[in-house]
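Contents: one structure, followed by commentary.
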2 protein chains.
Amino acid sequence: MYSQAEENYLKTIYALEREYGNEVSTNLIANKIKTKASSVTDMLKKLALKKLVIYKKYQGVYLTEPGRLTALRVIRKHRLWECFLVQKLNFKWDEVHDIAEQLEHVKSELLISKLDAFLRFPKLDPHGDPIPDEQGRIIKRQTMSIVEMKIGASGTLVGVKDSSETFLKYLNKKNLGLGDKVKVIDIEPYDNSYHIETKTHRLVITSNVAENLLIKNVKR
Amino acid sequence: MYSQAEENYLKTIYALEREYGNEVSTNLIANKIKTKASSVTDMLKKLALKKLVIYKKYQGVYLTEPGRLTALRVIRKHRLWECFLVQKLNFKWDEVHDIAEQLEHVKSELLISKLDAFLRFPKLDPHGDPIPDEQGRIIKRQTMSIVEMKIGASGTLVGVKDSSETFLKYLNKKNLGLGDKVKVIDIEPYDNSYHIETKTHRLVITSNVAENLLIKNVKR
DNA sequence: ATCTTTATTTAGACATATCTAAAATAATAT
DNA sequence: ATATTATTTTAGATATGTCTAAATAAAGAT
C-alpha cells in the first residue's frame, strides 16, 4: 500500500499530464501541491524506485502503467466520495473537495465497490468529472473550454476544470451551474473577457474563468 | 487539530480508563495498541504538554476534560461510521472495525453532523456501543458481563466488549448475535467454562468469551 | 531490609516527509 | 559562444512517530 503523500503525488502527476502533456516538471508539481521543488525531487526518486513513475534528472516525470492505475484508483475514490457527500449528505458542490481529499485515502477495496453500488454506479461526480471504473477505465468526454469557442457559439456547461471552493463559490454567485445553456455573445479583445448569456441572464467573465468552464454540444 | 496517532492514544486511554479504572499504565497502552512502552512514554509526554492528559512519571496517566472530550469525539465518529457501513452499505458487523478506524480521523464537524442526520441519529452502533452526542455526552447502559451472572440467570445479549473481526466471526460461527436471549445453564469450576442456552441452541464458551458478552435485563 | 524481577523511562537511531540554502544543470539572451 | 537567469538537485536540518538497548525506578520475594 502507498502512503497518502505518495497517492497525492500520483494523482497530481496524472492531472498535470492531462493538462500539460506527458512530461511533467518538478516546479509544476511543486506549485500544484504547494510544496517546495526540493521536496518534489525527493518524492519523485522514491516513486521511481517503486516503478510508479519514469523519472530522469532535470527532465521531469511521467507515470508508468502501475502508477497511472494507482492514480486512477485514488481519483475514483475521490469522485465517488464527492457523489456521496452531495447526493446523500446534501453537501453543496463547493463544499466537498477538501473532505473528499481525506476520504480518498481510506484503504478498502470492498468499501469502494459497496459505495459505488450504494450510489447506483454514478458516471460523473458533482463537478461533471467522469468516474473511473474498477479497472481504471475512464470515459473521455467531448467538451471544450469556453476560450476555444467562437462568438455566437453555444452549448451546455457540463464540467469545471477547477473544483476549488473559491472558484465554485464564484460560479454560485454568478448563478452558473452544471446543465446551464451558455452562449458566447462577444469576446473583448482588449482584456480578453467573454460576454456570455444563459437562459436567465448575461454576464462578463475573465478568460481565466472561461478557461475553467467545460462546454458540451457546441454549435455554430 | 490533533494527529491520527494522538487521537488513537486518547481513544485508547479513554477505553482503558473505563475498563481498568482511572489510572492507566504505560504497558497497558502499549499492549492495547501493539507498540513499545518507550513509544508510549514519548507520546504521553506530548499529550501532557498539550494538556490532554495528566501524566506523572512511573504513575500512569488519565485524561483531562479536554482530552476526554477529544477522545469522545473520535469515538463518536468511529461509531457513526460503523452504523453507516452496516446500515447503508450492507457490511456485516464483523467487517467494519478496521474501516471505521480510518474514517474516524477524517476532519470535518459538518460531515459528522450531516452523517448523524442521514443515519437518523442512531443511539447505538452495530456492536451495541452507545454513540456520544455532539457535546460528548454518552449514555451508560445497565449491562453485565456473563461472568458476573449466576447459574440460572438469563437476559438479552446487547453488546460486546471486543469488536475485533476475529471475535465477531467466532460469534457468527456459534450463532450468537445482538438481541439473542441467553441463559446461564452451568458453570464448570474445573476450566471456568460457561454452558449457556439461547432460543435455538446450547453451547459452551470459555470465561474469556463470557467476559466479552454484555447482557441486559438480567433476571434470577 | 536486601535482592530480584518487572515496569518504565532515557538515550540514541531510523523512516517519512518536509524545509532552507547552496550547488549543479538547463534554458535564454546578447 | 559566453553570460545571465531560471530550474532542478543535493546536502543537511527539522518534526513526527516509531524502535532497540541501556539505565532507572517500583514492586514483589525471601
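All heavy atoms count here, side chains included; hydrogens, waters and symmetry mates do not. Letters go in sequence order (proteins before strands), and every chain restarts at 1.
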If you count every heavy atom of other residues, nucleotides or ligands that lies below 6.0 Å from [X] atom [atom1], does the total exceed 12?
| X | atom1 | answer |
| --- | --- | --- |
| A:K107 | NZ | yes |
| B:K216 | NZ | no |
| A:K50 | NZ | yes |

- request: Hey, which sits more toward the 5' end of DNA chain C by its nearest nucleotide, A:K36 or A:Q4?
  value: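 Result of the comparison: A:Q4.
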
query: Rounded to the nearest 0.5 Å, how far apart are OH of A:Y170 and CG of A:N212?
result: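 Spacing of OH (A:Y170) from CG (A:N212) equals 10.5 Å.
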
message: Does the plane of the ring in B:F84 sit parallel, tilted or perpendicular to the ring in B:W81? Use 30° and 60° as the thresholds.
response: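 Perpendicular.
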
For atom [atom1] of [X] and atom [atom2] of [N], their distance in whole Å:
| X | N | atom1 | atom2 | answer |
| --- | --- | --- | --- | --- |
| B:D42 | C:dC14 | CG | P | 16 Å |
| B:K50 | D:dA15 | NZ | C1' | 11 Å |
| A:L49 | C:dT16 | CG | P | 11 Å |
| A:L44 | D:dT8 | CG | P | 10 Å |

- prompt: Less than 4.0 Å between a side-chain N and a carboxylate O, is that true for B:K11 and B:E101?
  reply: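 Yes, this pair counts.
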
task: May I ask you to decide whether B:E65 forms a salt bridge with B:R68, counting only side-chain N to carboxylate O separations under 4.0 Å?
output: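 Counted as a salt bridge, because a side-chain N and a carboxylate O are separated by less than 4.0 Å.
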
So does [X] get a side-chain nitrogen or oxygen closer than 4.0 Å to the phosphate oxygens (OP1/OP2) of [N]?
| X | N | answer |
| --- | --- | --- |
| A:Y2 | C:dT16 | no |
| B:S39 | D:dT18 | no |
| B:S3 | D:dT16 | no |
| A:Y55 | D:dT9 | yes |

query: What is the per-nucleotide protein-contact pattern of nucleotides 23-29 of chain D, from the 5' end, where B denotes a base atom under 4.0 Å from a protein heavy atom, S denotes such proximity for sugar-phosphate atoms only, and - denotes neither?
result: -BSS---

query: Quick one: is the NZ or CZ of A:K88 closer than 6.0 Å to the six-membered ring centre of A:F118, and within 45° of its axis?
result: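 The answer is yes, since A:K88 meets both limits relative to A:F118.
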
message: Any residue in residues 5-31 of chain B with a heavy atom nearer than 4.0 angstrom to DNA chain D? Just list them by number, or reply none.
response: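 Correct list: B:A5, B:Y9.
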
message: Can you identify which nucleotide, out of D:dT18, C:dC19, D:dT8, has its nearest atom closest to the A:T41 side chain?
response: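 Of all the options, the side chain of A:T41 is nearest to D:dT8.
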
- prompt: Hey, is the main chain of B:I54 close enough, under 3.5 Å, to the side chain of B:T64 for a donor-acceptor pair?
  reply: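 No; zero donor-acceptor contacts below 3.5 Å.
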
message: Looking at the base of C:dT18, is there any donor atom on it, or on the side chain of A:S38, that sits under 3.5 Å from an acceptor on the other one?
response: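 Per atom types, no contact qualifies.
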
